[in-house]
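Here is the structure we will look at, set down as C-alpha coordinates.
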Protein chains: 2
Amino acid sequence: MSRNIRSRTRREILDAASRLFAVAGFKGTSLQDIAAEVGCSKATLLYHFDGKDAILVEMLAPAVGAFDMLDKQLAGLADDTVQFAAVKGYVDLVLRFRREITVLYGDIPALLEHPALADVQGMVDRLLDALAARSSEPPAQVTALMVLGAVPVVCMKPAAMDDDELRDVLVRSAAGTLNVRGA
Amino acid sequence: MSRNIRSRTRREILDAASRLFAVAGFKGTSLQDIAAEVGCSKATLLYHFDGKDAILVEMLAPAVGAFDMLDKQLAGLADDTVQFAAVKGYVDLVLRFRREITVLYGDIPALLEHPALADVQGMVDRLLDALAARSSEPPAQVTALMVLGAVPVVCMKPAAMDDDELRDVLVRSAAGTLNVRGA
DNA sequence: GTCTATAAGGTGATAGAC
DNA sequence: GTCTATCACCTTATAGAC
(Lines give C-alpha, C1' and ligand atoms only; values in the text may rest on other atoms or scores of the structure.)
Protein backbone atom coordinates (compact mmCIF):
# COMPACT_ATOMS: atom_id res chain seq x y z
CA MET A 1 0.00 0.00 0.00
CA SER A 2 1.19 3.50 -0.68
CA ARG A 3 1.54 6.07 2.06
CA ASN A 4 1.95 3.52 4.84
CA ILE A 5 0.22 5.07 7.82
CA ARG A 6 3.01 4.12 10.20
CA SER A 7 6.08 4.76 8.06
CA ARG A 8 9.26 5.91 9.76
CA THR A 9 9.41 9.12 7.72
CA ARG A 10 5.90 10.06 8.77
CA ARG A 11 6.83 9.84 12.42
CA GLU A 12 10.01 11.80 11.84
CA ILE A 13 8.01 14.54 10.14
CA LEU A 14 5.46 14.68 12.97
CA ASP A 15 8.22 14.83 15.56
CA ALA A 16 10.19 17.57 13.78
CA ALA A 17 7.02 19.57 13.11
CA SER A 18 5.87 19.45 16.72
CA ARG A 19 9.28 20.56 17.91
CA LEU A 20 9.26 23.55 15.54
CA PHE A 21 5.59 24.43 16.16
CA ALA A 22 6.34 24.49 19.88
CA VAL A 23 9.00 27.17 19.60
CA ALA A 24 7.82 29.27 16.64
CA GLY A 25 4.09 28.58 16.56
CA PHE A 26 2.07 26.93 13.79
CA LYS A 27 1.86 29.99 11.55
CA GLY A 28 5.46 30.83 12.33
CA THR A 29 6.72 27.52 10.97
CA SER A 30 6.88 26.87 7.22
CA LEU A 31 7.02 23.59 5.33
CA GLN A 32 10.54 24.63 4.37
CA ASP A 33 11.51 24.82 8.06
CA ILE A 34 10.09 21.36 8.69
CA ALA A 35 11.75 19.88 5.62
CA ALA A 36 15.12 21.31 6.70
CA GLU A 37 14.69 19.90 10.22
CA VAL A 38 13.80 16.45 8.87
CA GLY A 39 16.42 16.62 6.15
CA CYS A 40 14.10 16.07 3.21
CA SER A 41 12.28 18.15 0.61
CA LYS A 42 8.95 19.93 0.91
CA ALA A 43 7.56 17.57 -1.71
CA THR A 44 8.27 14.61 0.57
CA LEU A 45 6.29 16.28 3.35
CA LEU A 46 3.34 16.69 1.02
CA TYR A 47 3.62 13.12 -0.18
CA HIS A 48 3.05 11.89 3.37
CA PHE A 49 0.48 14.49 4.42
CA ASP A 50 -2.36 16.24 2.61
CA GLY A 51 -1.05 19.64 3.62
CA LYS A 52 0.38 21.67 6.46
CA ASP A 53 -2.93 21.58 8.33
CA ALA A 54 -3.00 17.79 8.14
CA ILE A 55 0.36 17.64 9.91
CA LEU A 56 -0.99 19.74 12.76
CA VAL A 57 -4.20 17.78 13.03
CA GLU A 58 -2.50 14.39 13.07
CA MET A 59 0.02 15.69 15.60
CA LEU A 60 -2.73 16.80 17.96
CA ALA A 61 -4.91 13.73 17.39
CA PRO A 62 -3.74 11.65 20.39
CA ALA A 63 -4.20 14.61 22.75
CA VAL A 64 -7.63 15.34 21.34
CA GLY A 65 -8.55 11.67 21.73
CA ALA A 66 -7.47 11.64 25.37
CA PHE A 67 -9.40 14.84 25.99
CA ASP A 68 -12.45 13.20 24.45
CA MET A 69 -12.11 10.27 26.86
CA LEU A 70 -11.93 12.62 29.85
CA ASP A 71 -14.93 14.47 28.48
CA LYS A 72 -17.04 11.30 28.37
CA GLN A 73 -15.83 10.17 31.79
CA LEU A 74 -16.75 13.45 33.47
CA ALA A 75 -20.18 13.36 31.85
CA GLY A 76 -21.01 10.28 33.89
CA LEU A 77 -20.20 11.81 37.28
CA ALA A 78 -22.53 13.51 39.75
CA ASP A 79 -22.27 17.25 40.35
CA ASP A 80 -20.64 16.84 43.76
CA THR A 81 -17.82 14.56 42.60
CA VAL A 82 -17.20 15.97 39.13
CA GLN A 83 -15.17 19.01 40.19
CA PHE A 84 -12.20 17.31 41.78
CA ALA A 85 -12.19 14.63 39.09
CA ALA A 86 -12.04 17.38 36.49
CA VAL A 87 -9.05 18.96 38.23
CA LYS A 88 -7.17 15.68 38.38
CA GLY A 89 -8.12 14.64 34.87
CA TYR A 90 -7.16 17.98 33.40
CA VAL A 91 -3.80 18.09 35.17
CA ASP A 92 -3.05 14.55 34.03
CA LEU A 93 -4.00 15.38 30.48
CA VAL A 94 -1.84 18.47 30.24
CA LEU A 95 1.15 16.77 31.87
CA ARG A 96 0.82 13.87 29.46
CA PHE A 97 0.65 16.02 26.35
CA ARG A 98 3.11 18.79 27.17
CA ARG A 99 4.45 19.05 23.68
CA GLU A 100 1.01 19.43 22.13
CA ILE A 101 -0.01 22.00 24.75
CA THR A 102 3.12 23.95 24.03
CA VAL A 103 2.19 23.98 20.35
CA LEU A 104 -1.22 25.43 21.18
CA TYR A 105 0.41 28.21 23.18
CA GLY A 106 3.48 28.37 20.95
CA ASP A 107 2.89 31.73 19.31
CA ILE A 108 3.13 33.62 22.61
CA PRO A 109 6.81 32.93 23.35
CA ALA A 110 7.54 33.65 19.70
CA LEU A 111 5.87 37.02 20.10
CA LEU A 112 7.65 37.82 23.35
CA GLU A 113 10.99 37.18 21.66
CA HIS A 114 10.38 40.23 19.52
CA PRO A 115 13.38 42.58 20.04
CA ALA A 116 11.10 45.46 21.02
CA LEU A 117 9.60 43.34 23.78
CA ALA A 118 12.89 42.11 25.18
CA ASP A 119 12.50 43.97 28.49
CA VAL A 120 9.19 42.27 29.13
CA GLN A 121 10.78 38.89 29.69
CA GLY A 122 12.78 40.30 32.59
CA MET A 123 9.68 41.90 34.06
CA VAL A 124 7.83 38.62 33.84
CA ASP A 125 10.65 36.82 35.60
CA ARG A 126 10.71 39.32 38.44
CA LEU A 127 6.90 39.25 38.70
CA LEU A 128 7.11 35.47 39.07
CA ASP A 129 9.72 35.92 41.76
CA ALA A 130 7.42 38.30 43.65
CA LEU A 131 4.44 35.98 43.26
CA ALA A 132 6.57 33.26 44.81
CA ALA A 133 7.37 35.61 47.73
CA ARG A 134 10.97 35.51 46.48
CA SER A 135 11.18 31.86 47.47
CA SER A 136 13.45 29.52 45.54
CA GLU A 137 11.39 26.46 46.50
CA PRO A 138 10.11 24.73 43.33
CA PRO A 139 6.51 24.39 44.60
CA ALA A 140 6.35 28.14 45.28
CA GLN A 141 7.62 28.85 41.78
CA VAL A 142 5.07 26.48 40.27
CA THR A 143 2.15 28.18 42.01
CA ALA A 144 3.50 31.57 40.90
CA LEU A 145 3.44 30.32 37.31
CA MET A 146 -0.11 29.10 37.84
CA VAL A 147 -1.25 32.57 38.86
CA LEU A 148 0.59 34.06 35.91
CA GLY A 149 -1.36 31.83 33.54
CA ALA A 150 -4.67 31.95 35.36
CA VAL A 151 -5.48 35.64 35.20
CA PRO A 152 -5.22 36.44 31.48
CA VAL A 153 -7.51 33.61 30.46
CA VAL A 154 -10.28 35.11 32.57
CA CYS A 155 -9.85 38.52 31.02
CA MET A 156 -10.17 37.23 27.47
CA LYS A 157 -13.68 35.92 28.07
CA PRO A 158 -16.48 38.40 28.58
CA ALA A 159 -17.55 37.88 32.19
CA ALA A 160 -20.98 38.16 33.78
CA MET A 161 -19.53 40.44 36.46
CA ASP A 162 -18.38 44.03 36.59
CA ASP A 163 -14.67 44.72 36.85
CA ASP A 164 -14.64 45.38 40.59
CA GLU A 165 -16.28 42.06 41.40
CA LEU A 166 -14.02 40.36 38.88
CA ARG A 167 -10.92 41.86 40.43
CA ASP A 168 -12.05 40.71 43.86
CA VAL A 169 -12.62 37.12 42.77
CA LEU A 170 -9.32 37.05 40.88
CA VAL A 171 -7.26 38.35 43.79
CA ARG A 172 -8.91 36.10 46.35
CA SER A 173 -8.67 32.98 44.18
CA ALA A 174 -5.08 33.71 43.19
CA ALA A 175 -4.29 33.98 46.89
CA GLY A 176 -5.98 30.60 47.25
CA THR A 177 -3.73 29.18 44.54
CA LEU A 178 -0.68 30.49 46.39
CA ASN A 179 -2.17 29.35 49.69
CA VAL A 180 -1.78 32.76 51.33
CA ARG A 181 -4.24 35.11 52.98
CA GLY A 182 -4.17 38.70 51.72
CA ALA A 183 -2.77 41.65 53.69
CA MET B 1 5.75 68.46 10.98
CA SER B 2 5.24 65.33 8.97
CA ARG B 3 3.87 62.16 10.51
CA ASN B 4 2.08 63.90 13.37
CA ILE B 5 2.43 61.56 16.31
CA ARG B 6 -1.19 61.99 17.36
CA SER B 7 -2.95 62.06 14.01
CA ARG B 8 -6.46 60.67 13.80
CA THR B 9 -5.48 58.13 11.16
CA ARG B 10 -2.71 56.77 13.36
CA ARG B 11 -5.15 56.07 16.15
CA GLU B 12 -7.62 54.49 13.75
CA ILE B 13 -4.89 52.20 12.45
CA LEU B 14 -3.81 51.18 15.96
CA ASP B 15 -7.41 50.49 16.95
CA ALA B 16 -8.22 48.45 13.86
CA ALA B 17 -4.96 46.52 14.14
CA SER B 18 -5.47 45.62 17.79
CA ARG B 19 -8.99 44.41 17.04
CA LEU B 20 -7.73 42.17 14.22
CA PHE B 21 -4.64 40.97 16.13
CA ALA B 22 -6.92 39.96 19.01
CA VAL B 23 -9.00 37.59 16.90
CA ALA B 24 -6.52 36.31 14.31
CA GLY B 25 -3.17 36.82 16.04
CA PHE B 26 -0.27 39.01 14.93
CA LYS B 27 1.08 36.64 12.29
CA GLY B 28 -2.45 35.80 11.19
CA THR B 29 -3.23 39.42 10.34
CA SER B 30 -1.77 41.02 7.20
CA LEU B 31 -1.29 44.68 6.36
CA GLN B 32 -3.97 44.12 3.73
CA ASP B 33 -6.42 43.03 6.44
CA ILE B 34 -5.66 46.12 8.52
CA ALA B 35 -5.91 48.44 5.53
CA ALA B 36 -9.31 46.96 4.62
CA GLU B 37 -10.55 47.37 8.20
CA VAL B 38 -9.42 51.01 8.33
CA GLY B 39 -10.58 51.70 4.79
CA CYS B 40 -7.23 52.86 3.41
CA SER B 41 -4.33 51.42 1.44
CA LYS B 42 -1.32 49.48 2.68
CA ALA B 43 0.88 52.38 1.64
CA THR B 44 -0.97 54.67 4.06
CA LEU B 45 -0.28 52.24 6.89
CA LEU B 46 3.39 52.30 6.05
CA TYR B 47 3.44 56.06 5.81
CA HIS B 48 2.31 56.28 9.45
CA PHE B 49 4.35 53.36 10.80
CA ASP B 50 7.81 52.04 10.02
CA GLY B 51 6.44 48.56 9.42
CA LYS B 52 4.06 45.92 10.72
CA ASP B 53 6.21 45.32 13.80
CA ALA B 54 6.10 49.03 14.65
CA ILE B 55 2.29 48.88 14.75
CA LEU B 56 2.42 46.01 17.25
CA VAL B 57 5.07 47.66 19.39
CA GLU B 58 3.28 51.01 19.58
CA MET B 59 0.02 49.22 20.34
CA LEU B 60 1.57 47.36 23.28
CA ALA B 61 3.58 50.35 24.53
CA PRO B 62 1.12 51.63 27.18
CA ALA B 63 0.74 48.12 28.62
CA VAL B 64 4.48 47.59 28.67
CA GLY B 65 4.91 50.97 30.37
CA ALA B 66 2.41 50.09 33.08
CA PHE B 67 4.11 46.73 33.57
CA ASP B 68 7.40 48.56 33.95
CA MET B 69 5.90 50.73 36.69
CA LEU B 70 4.63 47.69 38.57
CA ASP B 71 8.06 46.11 38.15
CA LYS B 72 9.81 49.07 39.80
CA GLN B 73 7.21 49.30 42.53
CA LEU B 74 7.54 45.64 43.51
CA ALA B 75 11.32 45.96 43.56
CA GLY B 76 11.04 48.32 46.53
CA LEU B 77 8.98 45.99 48.69
CA ALA B 78 10.16 43.57 51.37
CA ASP B 79 9.90 39.82 50.78
CA ASP B 80 6.99 39.38 53.17
CA THR B 81 4.76 42.04 51.57
CA VAL B 82 5.73 41.67 47.93
CA GLN B 83 3.65 38.58 47.19
CA PHE B 84 0.18 39.94 47.78
CA ALA B 85 1.13 43.26 46.17
CA ALA B 86 2.25 41.32 43.11
CA VAL B 87 -1.08 39.50 42.94
CA LYS B 88 -3.07 42.72 43.16
CA GLY B 89 -0.80 44.62 40.80
CA TYR B 90 -0.85 41.86 38.21
CA VAL B 91 -4.61 41.47 38.32
CA ASP B 92 -5.04 45.23 37.94
CA LEU B 93 -2.64 45.33 35.04
CA VAL B 94 -4.30 42.54 33.11
CA LEU B 95 -7.79 43.90 33.71
CA ARG B 96 -6.68 47.32 32.51
CA PHE B 97 -5.08 46.07 29.31
CA ARG B 98 -7.47 43.35 28.25
CA ARG B 99 -7.19 44.10 24.57
CA GLU B 100 -3.39 43.95 24.61
CA ILE B 101 -3.43 40.73 26.63
CA THR B 102 -5.84 39.21 24.14
CA VAL B 103 -3.42 40.11 21.36
CA LEU B 104 -0.61 38.30 23.13
CA TYR B 105 -2.76 35.19 23.44
CA GLY B 106 -4.55 35.82 20.15
CA ASP B 107 -3.14 32.97 18.13
CA ILE B 108 -4.66 30.31 20.36
CA PRO B 109 -8.34 30.99 19.63
CA ALA B 110 -7.39 31.34 15.97
CA LEU B 111 -5.86 27.86 16.14
CA LEU B 112 -8.81 26.34 17.98
CA GLU B 113 -11.13 27.61 15.28
CA HIS B 114 -9.50 25.22 12.85
CA PRO B 115 -12.28 23.01 11.43
CA ALA B 116 -10.48 19.84 12.47
CA LEU B 117 -10.43 21.04 16.08
CA ALA B 118 -14.07 22.07 16.23
CA ASP B 119 -15.01 19.37 18.77
CA VAL B 120 -12.39 20.63 21.17
CA GLN B 121 -14.27 23.84 21.91
CA GLY B 122 -17.22 21.84 23.23
CA MET B 123 -14.94 19.69 25.36
CA VAL B 124 -13.34 22.80 26.83
CA ASP B 125 -16.75 24.24 27.67
CA ARG B 126 -17.83 21.06 29.44
CA LEU B 127 -14.52 20.83 31.29
CA LEU B 128 -15.07 24.38 32.53
CA ASP B 129 -18.54 23.38 33.65
CA ALA B 130 -17.11 20.45 35.60
CA LEU B 131 -14.36 22.61 37.14
CA ALA B 132 -17.13 24.94 38.32
CA ALA B 133 -18.92 21.95 39.90
CA ARG B 134 -21.69 22.58 37.34
CA SER B 135 -22.49 25.83 39.07
CA SER B 136 -23.90 28.75 37.09
CA GLU B 137 -22.59 31.31 39.57
CA PRO B 138 -20.21 33.75 37.85
CA PRO B 139 -17.49 33.51 40.54
CA ALA B 140 -17.42 29.72 40.20
CA GLN B 141 -17.07 30.05 36.44
CA VAL B 142 -14.25 32.56 36.81
CA THR B 143 -12.24 30.30 39.10
CA ALA B 144 -12.80 27.43 36.67
CA LEU B 145 -11.31 29.58 33.91
CA MET B 146 -8.38 30.39 36.17
CA VAL B 147 -7.57 26.71 36.62
CA LEU B 148 -7.92 26.18 32.89
CA GLY B 149 -5.30 28.84 32.23
CA ALA B 150 -3.05 28.05 35.18
CA VAL B 151 -2.04 24.48 34.39
CA PRO B 152 -0.68 24.72 30.82
CA VAL B 153 1.66 27.60 31.65
CA VAL B 154 3.37 25.42 34.25
CA CYS B 155 3.85 22.57 31.83
CA MET B 156 5.52 24.75 29.21
CA LYS B 157 8.39 25.63 31.54
CA PRO B 158 10.86 22.94 32.50
CA ALA B 159 10.30 22.42 36.22
CA ALA B 160 12.76 21.50 38.96
CA MET B 161 10.45 18.69 40.08
CA ASP B 162 9.57 15.27 38.75
CA ASP B 163 6.14 14.75 37.23
CA ASP B 164 4.59 13.13 40.30
CA GLU B 165 5.54 16.00 42.57
CA LEU B 166 4.46 18.45 39.90
CA ARG B 167 1.09 16.78 39.54
CA ASP B 168 0.60 16.91 43.30
CA VAL B 169 1.37 20.63 43.54
CA LEU B 170 -0.84 21.39 40.54
CA VAL B 171 -3.83 19.48 41.85
CA ARG B 172 -3.55 20.87 45.37
CA SER B 173 -3.04 24.45 44.22
CA ALA B 174 -5.84 24.24 41.66
CA ALA B 175 -8.08 23.04 44.48
CA GLY B 176 -6.91 26.11 46.40
CA THR B 177 -7.91 28.32 43.49
CA LEU B 178 -11.37 26.73 43.47
CA ASN B 179 -11.46 26.85 47.27
CA VAL B 180 -12.29 23.15 47.60
CA ARG B 181 -10.59 20.30 49.40
CA GLY B 182 -9.94 17.15 47.34
CA ALA B 183 -11.80 13.85 47.72
C1' DG C 1 9.34 7.31 -1.85
C1' DT C 2 12.13 11.07 -2.80
C1' DC C 3 13.77 14.48 -5.61
C1' DT C 4 14.08 19.15 -8.69
C1' DA C 5 11.54 22.51 -10.89
C1' DT C 6 7.77 25.31 -11.06
C1' DA C 7 3.31 27.09 -10.48
C1' DA C 8 0.02 30.39 -8.28
C1' DG C 9 -0.81 33.42 -4.83
C1' DG C 10 0.04 36.21 -0.68
C1' DT C 11 3.43 39.05 2.04
C1' DG C 12 5.80 43.33 3.69
C1' DA C 13 7.65 47.15 1.72
C1' DT C 14 8.91 50.95 -1.90
C1' DA C 15 8.41 54.51 -5.86
C1' DG C 16 6.32 58.06 -7.63
C1' DA C 17 1.94 60.50 -9.16
C1' DC C 18 -1.51 63.46 -7.21
C1' DG D 1 -1.35 62.26 3.31
C1' DT D 2 -3.18 59.08 0.33
C1' DC D 3 -3.22 56.61 -3.66
C1' DT D 4 -1.92 52.92 -7.64
C1' DA D 5 1.50 50.13 -9.39
C1' DT D 6 5.14 47.38 -8.60
C1' DC D 7 9.02 44.93 -6.30
C1' DA D 8 11.40 40.96 -4.29
C1' DC D 9 10.50 37.45 -1.46
C1' DC D 10 8.29 33.59 0.70
C1' DT D 11 4.42 30.61 1.09
C1' DT D 12 1.74 26.17 0.10
C1' DA D 13 1.13 22.99 -3.27
C1' DT D 14 1.70 20.33 -7.80
C1' DA D 15 4.10 17.91 -11.94
C1' DG D 16 7.00 14.81 -13.51
C1' DA D 17 11.75 12.57 -13.58
C1' DC D 18 14.24 9.00 -11.18
Side-chain angles (χ1 to χ4, degrees), chain A residues 1-60 103 106-107 110-111 113-117, chain B residues 1-60 103 106-107 110-111 113-117:
Chain A
M1 60 191 141
S2 69
R3 291 226 278 173
N4 181 348
I5 214 80
R6 300 193 188 283
S7 96
R8 173 182 186 83
T9 311
R10 268 183 84 89
R11 272 180 287 116
E12 275 175 11
I13 291 170
L14 285 173
D15 195 57
S18 72
R19 245 177 295 129
L20 294 175
F21 289 166
V23 304
F26 176 67
K27 290 198 206 80
T29 304
S30 70
L31 292 181
Q32 205 160 11
D33 296 332
I34 303 171
E37 177 90 358
V38 175
C40 71
S41 71
K42 288 184 285 178
T44 299
L45 264 45
L46 295 166
Y47 168 80
H48 288 282
F49 296 91
D50 287 337
K52 192 187 173 188
D53 282 17
I55 298 179
L56 176 72
V57 169
E58 183 157 328
M59 200 192 84
L60 295 179
V103 169
D107 283 337
L111 210 71
E113 270 169 25
H114 192 290
L117 271 47
Chain B
M1 64 192 134
S2 70
R3 292 225 279 174
N4 181 345
I5 213 78
R6 300 194 188 285
S7 96
R8 174 183 184 80
T9 312
R10 267 182 87 87
R11 272 179 288 117
E12 274 174 11
I13 291 169
L14 284 172
D15 195 58
S18 73
R19 244 177 295 129
L20 293 175
F21 289 165
V23 305
F26 176 68
K27 291 200 206 78
T29 304
S30 69
L31 292 182
Q32 206 160 10
D33 295 333
I34 302 171
E37 178 89 357
V38 175
C40 70
S41 71
K42 284 188 287 177
T44 298
L45 263 47
L46 295 166
Y47 168 79
H48 288 282
F49 296 92
D50 286 338
K52 191 188 175 189
D53 283 16
I55 298 179
L56 176 72
V57 169
E58 183 157 329
M59 199 192 83
L60 294 181
V103 169
D107 283 337
L111 211 75
E113 269 168 25
H114 192 289
L117 271 48

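In this text, all values refer to a predicted model and were calculated from it rather than measured experimentally. Just so it is clear: chains get the letters A, B, ... in the order the sequence lines come, proteins before strands, and each one is counted from 1.
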Give every pair of a protein N or O atom and an N or O atom of nucleotides 4-8 of chain C that lie under 3.5 Å apart, one pair per line with the distance.
none

Rounded to whole Å, please give me the gap between [atom1] in [X] and [atom2] in [N].
X     : N      : atom1 : atom2 : answer
B/K52 : C/dG10 : NZ    : P     : 15 Å
B/F26 : C/dT11 : CZ    : P     : 13 Å
A/L56 : D/dT12 : CG    : C1'   : 15 Å
A/L31 : C/dG10 : CG    : C1'   : 15 Å
B/F49 : C/dT14 : CZ    : P     : 15 Å
A/R8  : C/dG1  : CZ    : P     : 14 Å
A/K27 : D/dT11 : NZ    : P     : 15 Å
B/L46 : D/dA5  : CG    : C1'   : 15 Å

Which heavy atom in [X] sits nearest to a heavy atom in [Y], and how many Å separate them?
X     : Y     : answer
A/A35 : A/L45 : N-CD2, 3.9 Å
B/A17 : B/I55 : CB-CG2, 3.7 Å
A/A24 : A/T29 : CB-OG1, 3.7 Å
A/D33 : A/G28 : OD2-O, 4.0 Å

(request) Only counting residues at least two apart or in another chain, list the ones meeting side-chain contact (heavy atoms from CB on, under 4.5 Å) with A/R11. (result) A/R8
(message) For B/C40 and A/D53, find the nucleotide of DNA chain D closest to each by heavy atoms; which residue's nucleotide sits nearer the 5' end?
(response) B/C40
(request) Please determine if a side-chain N or O atom of A/T9 lies less than 4.0 Å away from the OP1 or OP2 oxygen of C/dT2. (result) yes
(message) At less than 4.0 Å, is any side-chain N or O atom of B/Y47 found next to OP1 or OP2 of D/dT2? Yes or no.
(response) no
(message) I need the B/L14 CG to B/M59 CE distance, nearest 0.5 Å.
(response) 8.0 Å
(request) Validate the cation-pi geometry between B/K52 and B/F26: distance from NZ or CZ to the six-membered ring centre under 6.0 Å, angle to the ring axis within 45°. (result) yes
(message) Closest approach to the side chain of B/Q32, judged atom by atom: which nucleotide of D/dG1, C/dT11, C/dG1 is it?
(response) C/dT11
